Amino acid sequence: MQGLNIRHFDFSKEGRDQVLKTKKGQDWPVVYLIHNDKELYIGESSNMSNRFEQHLNNKERKGLKGIEIIFDDEFNKSAILDIEQSLIQLCTADEKYKLQNQNGGQSKKHNYYQREKYLNKLDIIWKELSRKGMTNKSLLDVRNSDLFKYSPYNTLTSEQDNVCNAVIKDIIAKFKEGKNGTSIIKGVAGTGKTIVLINMIYKLINATKYDISFSEEDEVLSEYYQIVHDIKQLVATLGHELRIGYVVPVKSIRNTLRKVFGKTKNGLTSKMVIGPLDVIKNKYDILFVDEAHRLVQRKNISNMGSNDAAMRKSGLDPLVDTTVDLIVKNAKYKVFVYDSNQTVKGSDVTDDQFRKAISKESVQEHTLKSQMRCKGGESYVSYLDRILNCSQELFQEIEEYDFQIFDDVDKMINKIKELDRKFGLCRNAAGYSWKWKSKKKKYEDVMKNNLQDIEIQGHKYVWNATNSEFILSKNAINEIGCIHTMQGYDLNYVGVIFGREIDYNPKTNKIEINLKNFYDTNVKKATDYETVKQYIINSYKVIMERGIKGCYVFACNENMQQYLKRFIKENK
């Protein structure tokens with residue numbers, strides 16, 4: 001990397017004088033890290049000696065001892081803003097230091113000349129920081145961590161930032177008017193809806209704590225500062241800090257996000273992350289609801305008693321109302337992330353029920369369109385739609401995405417294991433067309449006594465040993481996940497087994513379901529054939545959208561395998 005080097009200085013007046021004498025100590029863009037053994041502040045500046053002086057006079061920095069300044073002949077303003085934000089996100093997820101930063105750098109990302117080249121410099125920067133003993137983990141491990149993926153320091157795209165700011169402005173306006181309100185954020189899987197929610201929560205929680213003690217060369221951040229000002233005024237008017245809850249209906253993801261919030265600190269706490277029925281336990285100003293399509297009606301659920309009690313306590317009828325009604329009843333403002341195409345169970349609320357629950361609210365709707373998760377982008381997501389609704393006619397090449405179909409299921413599963421060793425976070429999954437015989441049994445006992453659940457082509461496999469955070473469990477790579485353990489998580493690669501329950505009829509050009517080979521009883525109980533069919537198709541689509549770098553496929557039924565081969569490149 002031309003001209004990139006990291007120099008250490010004491011965080012003192014003497015250190016500042018040394019920086020002043022360096023070639024790029026003034027009038028040159030740099031990124032810097034001020035630290036002691038436990039705390040860290042990350043920043044950027046185009047005049048480091050002046051910024052150094054400002055930090056020395058900042059009481060928050062008094063306990064810091066040293067400063068690492070990243071110099072590079074090729075740095076420009078856009079690059080240092082990008083690298084600063086990336087380092088804030090990486091160092092938070094690395095967990096070696098508690099960050100003093102109260103904001104996450106630039107509020108939204110933008111493209112600039114040779115952006116990828118500058119971001120590639122992060123590999124060199126991280127290695128050098130590791131050599132200096134300033135990191136705990138490898139860059140790969142950090143980037144694969146949930147603390148990194150769900151970080152409130154993620155820089156938003158312009159589209160995401162616009163939605164985030166529009167919702168916050170509406171929240172402020174509704175509180176000023178003394179009215180209740182609702183925002184709905186729509187978008188297919190991978191458009192970054194969860195990141196937008198977390199970013200909003202972080203801004204609302206931290207606005208009152210954020211003092212702008214010196215110029216941050218803030219042309220990129222000026223809109224954020226205006227929002228900070230407006231939130232401060234709102235809190236002053238209310239006379240208390242905003243009472244915020246983050247409702248996550250899917251238990252596995254809820255547990256993961258609780259850990260993330262607990263580790264992130266800076267205003268976020270694990271207690272903020274709650275289940276739908278927990279909304280009755282506190283008075284909330286704002287409830288943020290992730291995966292709102294997974295909120296439930298009173299149908300095929302295991303916790304009917306607690307559901308009914310929560311409903312009655314809120315003056316609702318448990319036989320008629322849903323947990324959407326419960327949330328509407330228990331907060332002044334609601335923000336729902338919603339995608340009706342991701343409903344996968346009979347207990348999930350219907351679109352009609354969702355719309356009815358918010359019908360008396362002042363509703364603002366926003367749609368995120370840009371696919372952020374997988375490198376296949378929007379073209380891959382829409383291609384999957386057309387394949388699974390049997391409207392695609394021709395093969396389509398998905399650029400920069402590894403989309404393959406295998407004739408040998410074991411070859412596919414082992415390829416995913418190989419990729420997991422290389423990239424981490426690669427998993428196999430299947431449709432629910434085998435009984436879960438190994439439930440509550442130890443993996444070692446299952447293998448020893450030949451009690452595997454799944455048999456295909458003479459090979460035997462085991463269902464996920466746990467429902468809670470299966471993706472992150474130690475033995476996950478040797479097990480097969482299902483929709484209920486995969487939804488909401490990002491993977492690098494995913495291997496998907498189309499089970500015996502789903503087939504293709506070449507005469508009618510339709511997907512068909514054999515309910516006798518489908519063992520998710522809660523999905524098919526008291527539900528008609530067409531609805532179950534749509535749930536199953538939705539499940540496969542959701543799983544196939546988990547992979548960031550690629551998706552591999554195998555189908556148990558020959559007609560389904562041959563149908564998919566028309567649209568997916570064959571593994572040779």
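In this text the structure is predicted, and so the values were computed from the model without any measurement. What's counted below: heavy atoms across the whole structure, side chains too, no hydrogens, waters or symmetry copies. Residue numbers run from 1 in the order of the sequence given.
- Checked options Phe11, Phe9, Tyr32; the residue passing with Phe52 is Phe11 (criterion: ring pair (Phe, Tyr, Trp, His ring centres under 6.0 Å)).
- Within a 6.0 Å radius of NZ in Lys96, more than 12 heavy atoms belonging to other residues, nucleotides or ligands are found.
- Remark: Asp161 engages Lys203 in a salt bridge, criterion side-chain N to carboxylate O under 4.0 Å.
- Between Phe336 and Phe354, the angle of the ring planes goes over 60°, which puts this pair in the perpendicular group of the 30/60° scheme.
- Around atom CD of Glu177, more than 12 heavy atoms belonging to other residues, nucleotides or ligands sit under 6.0 Å away.
- A 6.0 Å sphere centred on CG of Asp37 holds no more than 12 heavy atoms belonging to other residues, nucleotides or ligands.
- Side chain of Arg546 to main chain of Val542: a donor-acceptor pair is present (N/O by atom type, distance under 3.5 Å, no hydrogens or angles).
- Atom CG in Leu156 sits 9.0 Å away from atom CD in Gln85 (nearest 0.5 Å).
- To the nearest 0.5 angstrom, Ile168 atom CD1 is 5.0 Å from Ile231 atom CD1.
- When all heavy atoms of Phe75 and Lys121 are compared, the closest pair comes out as CE2-CD, 4.3 Å.
- With hydrogens and angles ignored, the 3.5 Å screen pairs no side-chain donor or acceptor of Thr323 with any backbone N or O of Leu326.
- Between the side chain of Trp126 and the backbone N or O of Leu87 there is no donor-acceptor pair closer than 3.5 Å.
- Using a 4.0 Å cut-off between charged side-chain N and carboxylate O, Asp123 and Arg143 make a salt bridge.
- Within a 6.0 Å sphere centred on NZ of Lys356, other residues, nucleotides and ligands contribute 12 heavy atoms or fewer.
- Going from atom CD1 of Ile358 over to atom CD1 of Ile184 covers 3.5 Å, rounded to the nearest 0.5 Å.
- Side chain of Lys62 to main chain of Leu56: a donor-acceptor pair is present (N/O by atom type, distance under 3.5 Å, no hydrogens or angles).
- In this structure, the ring of Phe261 has its center less than 6.0 angstrom from the ring center of Tyr246.
- Taken from CG in Leu295 to OG1 in Thr343, the straight-line distance is 12.0 Å, to the nearest 0.5 Å.
- Minimum heavy-atom separation, Leu238 to Leu242: CD1-CD2, 3.6 Å.
- Checking side-chain atoms of Gln89 against main-chain N and O of Phe148 turns up a donor-acceptor pair under 3.5 Å.
- In this structure, Leu257 and Ile198 have side chains that are in contact, with non-hydrogen atoms separated by less than 4.5 Å.
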Practice prompt. Please test Val250 against His484 for side-chain contact (heavy atoms from CB on, under 4.5 Å), starting from the C-alpha separation and ending with a verdict.
Written response: CA-CA 8 Å; Val250 181; His484 307 307; over 6 Å; no
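- Counting heavy atoms from C-beta outward, Met544 and Tyr380 have side chains that approach closer than 4.5 Å.
- Side-chain atoms of Arg16 and His55, non-hydrogen and from C-beta on, never get closer than 4.5 Å to each other.
- Side-chain N or O atoms of Glu291 include none that pairs as donor or acceptor with a backbone N or O of Thr194 at under 3.5 Å.
- Closest heavy-atom contact between Glu361 and Lys334: OE1-NZ, 2.8 Å.
- Ring-centre distance between Tyr284 and Tyr333: not below the 6.0 Å cut-off.
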Item to complete: Would you check, one step at a time, whether the test salt bridge (Lys or Arg N to Asp or Glu O under 4.0 Å) holds for Glu44 with Arg51?
Response: CA-CA 9 Å; Glu44 52 76 28; Arg51 184 61 59 82; 5.0 Å; no
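- Contact between Ser473 and Arg427 at its shortest, heavy atoms only, is O-NH2, 4.5 Å.
- Using a cut-off of 4.0 Å between Lys/Arg side-chain N and Asp/Glu carboxylate O, Asp146 and Lys259 are scored as not salt-bridged.
- Under a 4.0 Å N-O distance rule, the pair Lys174/Asp170 qualifies as a salt bridge.
- Checking side-chain atoms of Arg243 against main-chain N and O of Lys283 turns up a donor-acceptor pair under 3.5 Å.
- Using a 4.5 Å cut-off on side-chain heavy atoms (C-beta onward), Ile171 and Leu204 make contact.
- Judged by distance alone, with hydrogens and angles left aside, the side-chain atoms of Asn206 form a donor-acceptor pair with the main-chain N or O of Tyr202 at under 3.5 Å.
- Of the possible donor and acceptor atoms, one in the side chain of Asp348 sits under 3.5 Å from a partner among the backbone N and O of Lys345.
- For the pair Lys193 and Asp290, the salt-bridge criterion is not met [side-chain N within less than 4.0 Å of a carboxylate O].
- Salt bridge status for Arg355 with Glu365: present, with a side-chain N to carboxylate O gap under 4.0 Å.
- Annotation: side chain of Gln353 is not in contact with side chain of Val324 (no heavy-atom distance under 4.5 Å).
- Atom NZ of Lys271 has 12 or fewer heavy atoms from other residues, nucleotides or ligands within 6.0 Å.
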Fill in: Trace of the side-chain contact (heavy atoms from CB on, under 4.5 Å) decision for Ile548 with Leu425
CA-CA 10 Å; Ile548 296 169; Leu425 276 183; over 6 Å; no
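- Side-chain N or O atoms of Arg254 include one that pairs as donor or acceptor with a backbone N or O of Pro249 at under 3.5 Å.
- To the nearest 0.5 Å, atom CE of residue Met200 and atom CD1 of residue Ile244 are 10.5 Å apart.
- With rounding to the nearest 0.5 angstrom, the CD1 atom of Ile195 is 11.0 Å from the OG1 atom of Thr157.
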Fill in: Trace of the side chain to side chain donor-acceptor pair (under 3.5 Å) decision for Tyr401 with Ser379
CA-CA 10 Å; Tyr401 197 67; Ser379 60; over 6 Å; no
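- In this structure, Ile253 and Tyr150 approach most closely via the heavy-atom pair CD1-OH, 4.3 Å.
- The two residues Asn36 and Gly63 come nearest to each other via the heavy atoms ND2-O, 3.0 Å.
- Under the 4.5 Å side-chain criterion, counting only non-hydrogen atoms from C-beta, Met48 is in contact with Ile67.
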